[in-house]
Amino acid sequence: MKGSDATLLSFQLLDVSYEMRGSTPVIILWGRGADGSRVVVFYGEFRPYFYVLPDGSVGLDQLAAMIRRLSRPSSPILSVERVRRRFIGREVEALKVTTLVPASVREYREAVRRLGGVRDVLEADIPFALRFIIDFNLYPMRWYVAEVREVAVPHGYSVDRAYTLSGDIREDETRIQEDPLKGLRVMAFDIEVYSKMRTPDPKKDPVIMIGLQQAGGEIEILEAEDRSDKKVIAGFVERVKSIDPDVIVGYNQNRFDWPYLVERARVLGVKLAVGRRSVEPQPGLYGHYSVSGRLNVDLLDFAEELHEVKVKTLEEVADYLGVVKIGERVTLEWWQIGEYWDDPSKREILRKYLRDDVRSTMGLAEKFLPFGAELSQVSGLPLDQVMAASVGFRLEWRLIREAAKLGELVPNRVERSEGRYAGAIVLRPKPGVHEDIAVLDFASMYPNIMVKYNVGPDTLVRPGEEYGEEEVYTAPEVGHKFRKSPPGFFKKILERFLSWRRQIRSEMKKHPPDSPEYKLLDERQKAIKLLANASYGYMGWPHARWYCRECAEAVTAWGRSIIRTAIRKAGELGLEVIYGDTDSLFVKNDPEKVERLIRFVEEELGFDIKVDKVYRRVFFTEAKKRYVGLTVDGKIDVVGFEAVRGDWSELAKETQFKVAEIVLKTGSVDEAVDYVRNIIEKLRRGQVDMRKLVIWKTLTRPPSMYEARQPHVTAALLMERAGIKVEPGAKIGYVVTKGSGPLYTRAKPYFMASKEEVDVEYYVDKQVVPAALRILQYFGVTEKRLKGGGRQSTLLDFMRRGK
DNA sequence: CTTTTCTGCTTACCT
DNA sequence: ACAGGTAAGCAGAAAAGC
C-alpha cells in the first residue's frame, strides 16, 4: 500500500469502538469524510489505564513497586506513574497505572484493591473506547480535522477508506453550526414475525416480512415463501450492506427485532453481518444493540420521554406527533399477524400494515434524530447510546469529561442505601373556580441555586473543617455549609451550560423560527437545558458518582426558603396566592402588583421569575397537584386529574375532560351533568367501543413477585398462561368483566374478553361517575344525580352563592 | 357476624 | 437506576357496631 504521506482528513465522528490486533488494542473511529466517503481512523497507541488513590500508610514509590509486581505477561503493566490530581476538590497524589489489554483492567483493579496502602482504585470502569474520546476531547456527531496516513482497508471492513491517526486531531470549527445529520444515510426497518396469540419463538416462528426504507427512498418489503424465511434474512443483510446506512432506526428493535433476528439467523445458519465490520449485532451498554460502524437508534427510547402518550405503541406515538394518523393507516395487533399471513386474501393488508409501520418509523426518525444528535454532542455519548442511557448517565458522562479536563479524578459508583430528605413545598390550593390567574414560574430554580450558593460535593464543608461565617453559604433549615470560593465542580459546569445556552438563544434570534438553523439551535439548547436541569436530581441519586445528599438537601431547603419569601412578599403586596408547587405561584393577575413581585424576586432574591401563563379561569379541588385551567387562548389544561392519567379508561378520561371543558367554558353545570348522563346511557346500551374501556397499567415486576393482588397482575398471569410473555415495564391492558368477588378476579386482558363479558356497571360506578364527580361534586352534583334524576344549578349560581 | 375504618401496596402524576 | 411530594384505588386487616 502506498500513501504513507501524512494528510489532513476532515471527518465527522460517528462512533467509536476498538479491536484487538494480537494483544494490542486499536481504537476505531467511525466517521464520514467531507467528500462523502465512509472512513475509519485507527489509533493503536492508546492504552487502558486506571488510578490508584493511596491511603498514606505505605510510601507512594513502595506502592508503585507493589503494583508493578502484579504485572502478568498476558497484559503487562506498562507504567506506574506518580501524578497530581484532585479528588472531590482536594489535591491528591495518585498513581496512574497503564496496561495493555482493556479487558485486563477489571482484574488488575481487584488485585490492586487487595494491596495494603490502597484507599481506592479509580476510573477502572470507564469503557476503553469512551476513554479514548474523553481523553482526546472528541464528541460524537462533531466534525474533526485529523492528521492521518491512509492505509489499506482491512479485510472485513466495509468502508471507503481507512487511515491511521498520525498526529493532531482537533475540532473543525467551521462546521459547528452545521446540521450533523445532513448527508447521513438513514435506514428504517421493521420485521413481522409469525405469531398467533402467543409470543413468537425464534426457534420455530419465521420472520415472514421485513420492511425497510432508506430516507428519501421507497419502502421495500422482503417476504418469506410460505414459512421459509432464510432468504428474507439473507436478503435483509444484503440490502443493509448495499444501502450502507450510517444510522439504522427502528421501533423497539433493541428489545425485539435485533434479539429475534440474531437468534433466528443462528437457527437458520445465516450470518447476520449487517455492520461495517463482519460481526453480528451485539448487546451493548444500557440495553442497546450495537451494530458495528452504524448507529443503531431505537426510537422507542425517544418516545419514552413523550409523557403525553401513555401506551407507547408505534401507532400511538406516530399519531400523536402527526407523522402517520391512526385513521389513515392499517392497524393490526401483533397476534393477528399469523392469521393475516396465512389467509392469502388478507396478506396484502399485512403488507400495507408493514409499510405503514416503516413509514411511521421513518417519520419518527425525522422528528427525533435532530434532538438525539444534539444530545449526543452535548453529553459526549454516541447517538446510539445516548437515548438508551437514562438521564442520570447522560449527565454523568458529561461530568466525567469535565472532570478529565479539570484534572479531577472520577469517583466510583458505590452501593448506598440512603434515607430520604425533604423536598419542595406544595401549597394547599384554594378550592373553587378562580378568575384571571397568573402563573409565575422561577426559571431553572435548582440549577440557579446551585450556581448562586456554589453547591457541590467539593465545596461542601465537611465535619471537622472550620470556616468563618463570611467564607461560607449556609443553607436554611438544614444548615449545610458551602465554601464561597473557589467555584466548585458543579458551579463551573452549570455556568458553562447556562452561558452556552444563553449564547445559543441569542443566536436563535438571528434566524426565523421556521428555518433549519433555528431548529438546530433550538434542539441544542434543549439538550443543554436537559442536562442542566438534571444536576440537582443527580446529586440526590444514590447511584451517582458525584452523589451528595447534603447538596441535594441544601438545594431544596434554599428552594423552600425562596418561594416562602416570594409568598410573603405577595401577601405584603396584597396579591392573593391561590396555589404553588416547588417553583411556581398562582396569583391573581393584577399586572402592576405582579410586576412588583417579579422585580422583588429578581432584585432582592436574585432569581429569575416570569409569568408563564395566564388562566382566564382555573379550578381547584382540595387536592394538591391537580387543577384545570382555561387559558387566555381558549385551551383547557388538565393537570393531575384522571383525564391525564394513563391508568384510567379512555371513556372516563374523555368524560372528565368534557366536564371540565363545559364547566370552565360555559359555566353550565347542567350541561355537564347532561353530558355525563348521556355517556352513561350509551355505555349501558352497549354503544361504547370496547377499546375505550381498556385500563392500562404498567407491570413493574414479574407477576409472581407481587405482594398485593391487583387486576393488571391477574391479567398478566392470564397472558402468561396463554403463552404470551410479559416482562416488567410492559403495559397491561385489561377490562373488568361481570361476576362477583374482588376486582382482581374479574380482570381479563382486553383481547381475551368479549364485549358481552364486560361489566358495564363497573365502568359506570368506578370509572365514569367518579371521574366526573371529581369535578362536579364541587358544584353540588351527587352520584345519584349523574345516575338518576336531580335538580339544576349553574356555575354562576354557585359563584353567587359563594360570595 | 357484619360493617366501617385504617393501613399498606401500588401506580402515576407534578414540579 | 436523576429527586421528593402527592392523590388515589384496591385488598386485607383491624376496629367498631350490632
Side-chain angles (χ1 to χ4, degrees), chain A residues 285-287 305 307-308 310-311 388-396 398-399 413 415-416 418-429 439 441-447 450 530-549 551-557 559-560 563 579-586 612 620-627 637-648 652-653 695-701 705-714 728-729 731-732 736 741-747 762 765-767 770-771 774:
Chain A
L285 231 46
Y286 312 121
E305 279 160 43
H307 303 291
E308 298 88 340
K310 310 294 173 180
V311 183
S390 66
V391 178
F393 289 111
R394 292 177 200 160
L395 173 63
E396 191 158 78
R398 178 70 198 218
L399 295 179
R413 201 176 289 290
E415 286 296 323
R416 301 182 178 89
E418 293 286 334
R420 287 170 76 86
Y421 63 90
I425 293 180
V426 187
L427 302 186
R428 204 185 299 284
V439 182
D441 260 315
F442 283 86
S444 300
M445 184 195 241
Y446 286 178
M450 289 173 68
L530 193 86
L531 291 195
N533 285 344
S535 55
Y536 149 72
Y538 175 84
M539 289 192 311
W541 178 37
H543 273 62
R545 292 174 185 269
W546 280 275
Y547 173 70
C548 177
R549 182 205 147 109
C551 301
E553 205 173 18
V555 169
T556 56
R560 292 191 297 271
I563 197 153
Y579 176 63
D581 183 350
T582 312
D583 58 356
S584 71
L585 284 177
F586 289 55
D612 188 51
F620 285 93
T621 64
E622 314 232 297
K624 297 173 174 181
K625 299 194 183 276
R626 296 188 148 201
Y627 54 89
D637 274 350
V638 180
V639 178
F641 283 115
E642 286 76 4
V644 296
R645 289 182 65 99
D647 55 353
W648 280 72
K653 292 165 64 170
I695 297 165
W696 296 89
K697 273 198 169 76
T698 307
L699 199 68
T700 60
R701 61 194 84 167
M705 301 294 280
Y706 280 87
E707 281 183 52
R709 294 194 241 217
Q710 294 173 92
H712 75 294
V713 180
T714 309
K731 284 253 193 267
I732 308 293
V736 175
L743 201 53
Y744 68 84
T745 60
R746 293 189 282 140
Y762 166 82
D765 292 339
K766 300 291 182 179
Q767 290 279 322
R774 188 84 62 207

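Order of the sequence lines fixes the chain letters, A, B, ..., with proteins taken first and strands second; residue numbering starts at 1 for each chain. These figures come from a predicted structure and were not determined experimentally. Below, all heavy atoms of this structure are taken into account, side chains as well, without hydrogens, waters or symmetry copies.
In this structure, Arg645(A) atom CZ and dA8(C) atom C1' are separated by 7 Å, rounded to whole Å. For the pair Arg416(A) CZ and dC2(C) C1', the computed distance is 14 Å after rounding to whole Å. Between the CG atom of Asp647(A) and the P atom of dT6(C) there is a distance of 20 Å, given to the nearest Å. One can place CZ of Arg413(A) at 10 Å from P of dC2(C), the figure rounded to the nearest angstrom. Separating the CH2 atom of Trp541(A) from the P atom of dC2(C) is a distance of 5 Å, rounded to the nearest angstrom. Here the P atom of nucleotide dC2(C) and the CZ atom of Arg394(A) are 9 Å apart, to the nearest Å. For the pair Met445(A) CE and dG4(C) P, the computed distance is 18 Å after rounding to whole Å.
Using a 4.0 Å cut-off between charged nitrogen and carboxylate oxygen, Lys625(A) and Asp581(A) count as a salt-bridge pair.
No engagement by Val555(A) is indicated, since no non-hydrogen atom pair under 4.0 Å with the nucleic acid exists. Looking at heavy-atom distances under 4.0 Å, Ser535(A) makes no contact with the nucleic acid at all. When heavy atoms are screened at a 4.0 angstrom cut-off, Tyr547(A) is found touching no nucleic acid atom at all. Looking at heavy-atom distances under 4.0 Å, His307(A) makes no contact with the nucleic acid at all.
Scanning both residues, Val644(A) and Val638(A), for their nearest heavy atoms gives CG1-O, 3.3 Å. Taking each heavy atom of Leu427(A) and Lys624(A) in turn, the nearest pair found is O-CG, 3.7 Å.
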(request) Dump the intermediate steps for side chain to side chain contact (heavy atoms under 4.5 Å, CB included) on Val555(A) and Met539(A), then the final yes or no. (result) CA-CA 10 Å; Val555(A) 169; Met539(A) 289 192 311; 4.2 Å; yes
(request) Could you give me the CA-CA distance, side-chain angles and deciding distance for Trp546(A) and Leu395(A), then say whether side chain to side chain contact (heavy atoms under 4.5 Å, CB included) is met? (result) CA-CA 11 Å; Trp546(A) 280 275; Leu395(A) 173 63; over 6 Å; no
(request) Report the C-alpha distance between Leu699(A) and His712(A) in whole Å, list the side-chain angles of each, state the deciding distance to 0.1 Å, and finish with yes or no for side chain to side chain contact (heavy atoms under 4.5 Å, CB included). (result) CA-CA 7 Å; Leu699(A) 199 68; His712(A) 75 294; 4.1 Å; yes
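Listed by chain and number, the residues in a side chain to side chain contact (heavy atoms under 4.5 Å, CB included) with Ala554(A) are Ala475(A), His480(A), Phe482(A), Trp558(A) (sequence neighbours excluded). Applying the side chain to side chain donor-acceptor pair (under 3.5 Å) rule to Tyr538(A) yields the partners Glu396(A); only residues at least two apart in sequence or on another chain are considered.
You'll find the side chain of Tyr446(A) stays beyond 4.5 Å of the side chain of Asp583(A), heavy atoms only. Side-chain contact between Tyr421(A) and Arg549(A) is present, with heavy atoms from C-beta onward closer than 4.5 Å. Tyr579(A) is not listed as a side-chain neighbour of Val439(A), based on a closest heavy-atom distance of 4.5 Å or more. Side-chain contact between Ile695(A) and Gln767(A): present, with at least one pair of heavy atoms (C-beta onward) separated by less than 4.5 Å.
Between Arg420(A) and the phosphate of dG5(C), there is a side-chain N or O to OP1/OP2 separation shorter than 4.0 Å. Side-chain N/O atoms of Lys625(A) include none lying less than 4.0 angstrom from OP1 or OP2 on dG5(C).
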(request) Using Watson-Crick or G-U wobble pairs with both distances under 3.5 Å, give me DNA chain C in dot-bracket, 5' to 3', with [ ] for crossers and | for pairs to another strand. (result) ..|||||||||||||||.
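Remark: Tyr421(A), Ala422(A), Gly423(A), Ala424(A), Val426(A) in residues 421-429 of chain A come within less than 4.0 Å of DNA chain C through at least one heavy atom.
Between the Arg701(A) side chain and the Tyr706(A) main chain, no donor and acceptor come within less than 3.5 Å of each other. The backbone N or O of Arg645(A) lies less than 3.5 Å from a partner atom in the side chain of Lys653(A), making a donor-acceptor pair.
Toward the 5′ end of DNA chain C lies the nearest nucleotide of Pro542(A), the other residue of the pair Arg626(A) and Pro542(A) mapping further downstream.
Boundaries of the chain A contact region on DNA chain B are dC9(B) to dT15(B), first to last in 5' to 3' order (nucleotide atom under 4.0 Å from a heavy atom).
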Polar atoms only, N or O, under 3.5 Å: list the protein pairs with nucleotides 9-12 of chain C and their distances.
| from | atom 1 | to | atom 2 | distance (Å) |
| --- | --- | --- | --- | --- |
| dG9(C) | OP1 | Arg774(A) | NH2 | 3.2 |
| dA11(C) | OP1 | Leu743(A) | N | 3.0 |
| dA11(C) | OP1 | Tyr744(A) | N | 2.9 |
| dG12(C) | OP1 | Arg709(A) | NE | 3.0 |

